[in-house]
Amino acid sequence: MTSVRRAWALAGLAVVSWVDVLLELIAFALLCVGLVLFFSPAVEIARVRSRRTRELVGQWTGRDIPSPYRPEPPEPERERDGWYRDGTQLYRRAWWIRWNRRFTWIMEDPATGREFGWQLLNPLVALGFAVFSLVAGPVALRGYARWTGYWLGPHAPRGKSWLGRRFETLGHQLGLWAISVAQLGLTVAQIIVLTGAVPVFPTVTRASRAVADTFRREAERWTGVRIAQPYVPPPALPVPRGDGLYQFGKQLYEEPWWPMLRARIHWVLYDRATWRDMAAAVLLPVLTPVLWVPSAALVFWGIYGLVALWITGAHSWFEMVGLPAATSTGGAFAMTPVALAAVFVGLLPTPWLARWQAKLGRWLLGPTEASRLAQRVHRLDQTRVEVNVAQAAELRRIERDLHDGIQSRLVAMGMKLGALEALIDHDPDKAKQLAAELREASSEALTELRSLVRGIHPPVLSERGLVDAVRAAALDSPLKVEVTVSVPGRLEQPAEACAYFAVCELLGNAAKHGEARRATVVLEYLDGLLRATVTDDGKGGADAARGTGLRGIERRLSGFAGRLALTSPPGGPTEAIVEVPCQLDPGPSSPKTSTSSETV
Amino acid sequence: MPARPRTVVAEDQYLLRDGLTHLLVAHGFDVVAAVGSGPELAAALWEHRPDVSIVDVRMPPTNTDEGLQVALAARRETPGLPILVLSQHVEQLYARELLADGTGAVGYLLKDRVFNAEQFIDAVRRVAAGGTAMDPEVIAKLVAGNASDPLAALTPREREVLGLMAEGCSNAAIASRLHFSEGAVGKHTANIFAKLGISASDDTNRRVLAVLKFLGSS
C-alpha cells in the first residue's frame with residue numbers, strides 16, 4: 001500500500017511542476033521582449049522541485065539519482081578597492097555579476113533542457129504510473145524511478161547525429177537570416193535619423209553595429225567562418241588646449257560634449273564600414289534566402305507529406321507538385337520514400353550552404369584591405385604609446401633607485417672617508433674601525449647595484465642568451481623547475497629580454513600566488529616565432545585582466561606584436577604561453593649555438 | 001702547493017687587474033702572466049700551466065662569458081687545473097658548470113670578496129691546493145630554496161655543515177664557525193657522505209662530490 005501512496009504523492013508533485021512550466025514560459029516570453037532578469041530565477045525555482053523529486057525517488061525506491069547540473073559559478077569577489085570586477089567592467093554591487101554568471105550557468109547546462117522536457121511530460125507519465133501502481137504496486141514505482149532517472153540524472157555529453165547536425169545548421173541559417181533582418185530594421189532607423197536627427201546617428205549606428213557584430217560572432221560560432229570587425233576605433237576623449245578650450249577642426253568650444261559629439265559623428269560618417277554595414281543590411285536578407293529557402297521548402301514539404309500520408313490522410317498532397325495522388329494505403333507506402341527523400345535531399349547540403357551564407361556575410365560585413373590597414377595603424381599607434389609610457393616609467397624607476405640608493409650611499413661613504421682622513425693620525429684605532437665600516441658600505445652598495453642591474457638586464461642574459469638565462473632563473477626559483485629547450489641559437493636581443501622577463505614573472509607568480517611546487521618551462525623557436533610555455537601545478541585562477549604582473553607582460557609583449565595566452569581554471573593547473581615573433585640573431589657576436597632538448 | 005704558487009690573472013679592467021696582481025704578489029704569489037682577454041688567457045694557461053689562475057667571467061673579444069668558457073675548456077684539457085673565477089655576479093648555473101667535472105680545484109666568487117684580502121687570499125690558496133671556494137651568495141640561495149630530494153635526509157645541522165663545506169671551509173674552519181669541536185665536524189661530514197651515498201676516496205674529492213649533490217638538489 002505504501003508504494004501506491006508514494007506513487008500518488010509523486011504524481012501530485014508532478015502536477016504541481018506544471019506551475020513551474022507556466023512560470024518558465026512566462027519568464028521566457030519576458031526574455032524574448034528584453035526583460036532578461038526573470039528567466040534564470042524561474043529555472044532555479046523549478047530546480048527546487050526537481051531536486052525534491054530526485055530525493056523522494058531515492059528515498060522510496062533506493063534508486064539514487066545524482067545531480068546532473070554543472071558546478072555552480074563562483075561568487076563574485078570584492079576587489080581591494082571595494083568594487084566588483086567582471087572582465088573590464090567595474091560594479092558597485094555584486095548582484096549583476098552574480099546574476100550574469102548564473103544565467104550563463106543555467107543556459108549552457110544541457111540538463112536545463114532535459115529538465116524542461118521532463119517537467120512538461122512528467123505529470124501525464126506520473127499519473128499513468130500512479131494508476132498503474134494500483135495494480136502493480138512497487139513495480140510501477142520502480143518504473144517511475146527509471147523514467148525520472150533517465151530525464152533528471154546526469155548524461156554523458158554525446159555528439160549530435162547526422163540528421164540532428166543538419167537540422168541544426170538549417171536552424172543556424174535561419175538564425176543568421178533573422179539577425180540580418182534585425183539589422184535591416186536598424187538600418188532603416190539609421191536612414192531616418194540621418195535625414196532628420198543627425199546627432200542621434202552615432203547612437204543608432206552603434207546599435208546597428210552591435211547587431212552586425214552578433215552576425216559576425218554567431219557566423220563564426222555556427223559555421224567556423226571568421227568575420228573580423230572592420231570598424232575604426234572610436235575617437236579619444238577631447239583634451240582641452242592650454243587655454244582650457246576644446247578644439248574640433250577650426251572651431252573652439254568651452255564645453256567638451258559638443259566637440260565630442262562632432263568627433264563621434266565624424267567618426268561614424270567617415271568610416272566606410274558604416275556604409276558597408278548598411279548595404280549589407282539591405283542585401284543580406286534578400287540574398288541569403290536563396291541559400292536556405294530551397295532546403296527549408298523541401299524539408300517542410302517532406303515532413304508535411306509524411307504527416308499527410310500517415311496521420312491526417314490528405315492523400316492529395318502530391319498533387320501540389322504534380323505527382324499522382326496517393327489514394328490508398330498502398331499509394332501511401334509508395335509515396336513515403338519520396339517524402340523521406342525530399343527531407344534528405346533538403347538537408348544534405350545545409351552545412352555547405354550555411355558556410356556560403358557566412359562567407360557572403362564576410363564579403364559584405366568583413367573588413368576591406370583599407371579598413372584592415374586603418375586598424376593596424378591605430379593599433380601600432382596605441383602600442384607605440386604603451387611602449388613609450390612603459391619605457392619612461394622604467395627609466396624613472398632606474399633613476400629613482402640610483403638616486404635614493406647607491407648615489408646616497410656613495411655620498412655617505414665620501415663623508416666617512418673625510419672623517420677617516422681626519423682620524424687617521426691621532427686615533428688610528430677609530431680610523432681602522434671606520435675603514436672596516438667603509439668596506440662594508442661599499443660591499444652593500446655593490447650588492448644593491450647588482451640587483452638593480454639584474455632588474456634592467458640580467459648579466460646571464462647578455463652573456464649566454466635566453467636559454468641559459470631561463471635555466472639560471474629556474475635554478476633561482478623556489479619551485480622545482482624543469483626546462484626543455486629547442487632553440488637553435490641566440491635570438492634578437494630585445495625579444496630575448498622580453499621573453500625572459502615574461503618567463504620570470506610567470507615563475508614568480510606560480511610561486512607567489514599559485515602556491516605551486518613544480519613548474520615546467522618549454523622554449524621553442526619555429527618559423528620566426530619564439531614560444532615559451534610555462535606550466536605549473538598550482539591552484540590556478542590566474543586572470544590576465546586582474547594581475548598587474550600579467551598586465552605588465554602583455555604591455556611588454558605588445559611592443560613586439562607578441563601575445564600571452566593563459567589558461568588557468570580554478571584548481572589549476574595554470575598554463576601560460578608567451579609568443580614573441582622574432583628573428584635569430586645573425587651577428588658574429590653569437591659564438592655559441594645550442595640545439596638541445598635537455599632538462600636542468 | 002709550491003711556496004710561491006705561479007699565478008695567471010685574467011681581468012679586462014686594467015685597475016682591477018693591476019690591483020689583483022699587487023695583492024697576490026704581496027701575499028707571496030708569483031704572478032707569471034696578467035692578461036686582459038679570452039684568447040690571451042688561453043695562450044697563458046697553455047704556456048705556463050700555472051698553479052692557480054684568477055679569471056674574470058666577462059672578457060673581450062665577445063664581452064660575454066669568454067673567461068668562463070676558456071677556463072672550462074682548459075679544465076677539460078687538463079682536469080683539475082686550479083681556477084678561481086671572479087665575477088660581478090654569481091649564478092648557480094655557472095657554479096654547476098665549474099664543479100661539474102668533480103675534480104675540485106675550482107672557486108667562484110663575487111669580485112667584491114677581494115675587499116677582504118685575507119679571506120680572498122685564503123680562498124685562492126684553497127683552490128690552488130685542490131679545494132673549492134664557492135661564494136656564500138650561491139650557497140645562501142641554495143639554503144633558502146627548498147632543498148629537496150637527496151638532501152631531505154640531512155638534519156638541519158648537517159645541512160649547515162654542508163653549506164660551509166660548499167663555501168670551501170676546512171673541518172677546522174667549520175668547527176670554529178659553528179662553535180663545536182673538529183671531531184664533531186668530522187662525524188657530521190662522515191654522516192653527510194654516508195647519507196648522500198658518497199663512498200670513500202680521497203677527502204677533497206668527496207667534499208667536491210658532496211657540494212655537487214648540494215648544488216644539484218635545488
Side-chain angles (χ1 to χ4, degrees), chain A residues 413 435-483 490 493 496 507 511 515-518 585 587-592 594 598-600, chain B residues 16 38-39 56-70 72-73 85-97 99-100 109-120 135-152 214-218:
Chain A
M413 280 165 66
E437 271 175 38
L438 269 167
R439 198 172 62 195
E440 194 67 23
S442 72
S443 168
E444 274 166 25
L446 271 173
T447 311
E448 204 172 310
L449 196 56
R450 206 172 283 132
S451 76
L452 187 63
V453 165
R454 199 177 279 265
I456 299 168
H457 194 90
V460 207
L461 191 58
S462 20
E463 286 165 5
R464 291 281 185 88
L466 177 67
V467 171
D468 279 348
V470 167
R471 285 203 181 110
L475 288 172
D476 283 345
S477 165
L479 306 174
K480 201 158 176 61
V481 186
E482 200 171 280
V483 184
R490 298 269 318 237
Q493 293 201 0
E496 276 194 333
L507 284 177
E515 294 165 18
R517 292 174 47 78
R518 293 166 168 277
D585 188 2
S589 64
S590 55
K592 296 170 287 288
S594 75
E598 58 179 288
T599 56
V600 174
Chain B
L16 197 52
D56 182 16
V57 169
R58 198 183 287 197
M59 273 201 289
T62 58
N63 273 317
T64 60
D65 59 345
E66 187 88 12
L68 185 67
Q69 295 300 336
V70 170
L72 289 172
V85 172
L86 285 185
S87 172
Q88 214 66 264
H89 64 104
V90 292
E91 292 290 342
Q92 284 189 54
L93 190 73
Y94 294 176
R96 269 157 204 264
E97 289 175 350
L99 285 163
L109 294 178
L110 274 176
K111 277 187 182 168
D112 20 325
R113 304 293 170 213
V114 182
F115 292 174
N116 190 332
E118 275 158 38
Q119 276 186 22
F120 171 68
D135 199 277
E137 198 167 285
V138 178
I139 310 300
K141 266 187 199 151
L142 283 170
V143 179
N146 51 347
S148 57
D149 305 348
L151 295 188
F214 189 29
L215 288 169
S217 71
S218 71

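Everything numeric here is computed off the predicted structure, so don't read it as measured data.
- Within the 4.5 Å cutoff, the side chain of Thr64(B) has no heavy atoms near those of the Arg464(A) side chain.
- Contacts of Val90(B) with chain A are made by backbone atoms alone, with heavy-atom separations under 4.5 Å and no side-chain atom involved.
- In this structure Glu515(A) satisfies the side-chain hydrogen bond (donor to acceptor under 3.5 Å, both in side chains) test with no other residue, sequence neighbours excluded.
- Side-chain contact between Glu463(A) and Leu68(B): absent, with no pair of heavy atoms (C-beta onward) separated by less than 4.5 Å.
- Side-chain contact between Leu446(A) and Lys111(B) is absent, with no heavy atoms from C-beta onward closer than 4.5 Å.
- With chain B as partner, the option from Pro458(A), Gly465(A), Ala472(A) having the largest number of non-hydrogen pairs under 4.5 angstrom is Ala472(A).
- The local environment of CD in Gln119(B) is sparse, with at most 12 non-hydrogen atoms from other residues, nucleotides or ligands closer than 6.0 Å.
- In this structure Arg454(A) satisfies the side-chain hydrogen bond (donor to acceptor under 3.5 Å, both in side chains) test together with Glu91(B), sequence neighbours excluded.
- Taking every heavy atom of both residues into account, Leu93(B) and Asp468(A) meet most closely at CD2-O, 3.4 Å.
- When all heavy atoms are compared, the tightest approach of Ser443(A) to Phe115(B) is N-CE1, 4.1 Å.
- Arg450(A) has a carboxylate O that lies under 4.0 Å from a charged side-chain N of Asp112(B), or vice versa, which qualifies the two as a salt bridge.
- Counting heavy atoms from C-beta on, the side chains of Arg439(A) and Asn116(B) come closer than 4.5 Å.
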**Asked** Can you check side chain to side chain contact (heavy atoms under 4.5 Å, CB included) on His89(B) and Val453(A), steps first, answer last?
**Response** CA-CA 10 Å; His89(B) 64 104; Val453(A) 165; over 6 Å; no

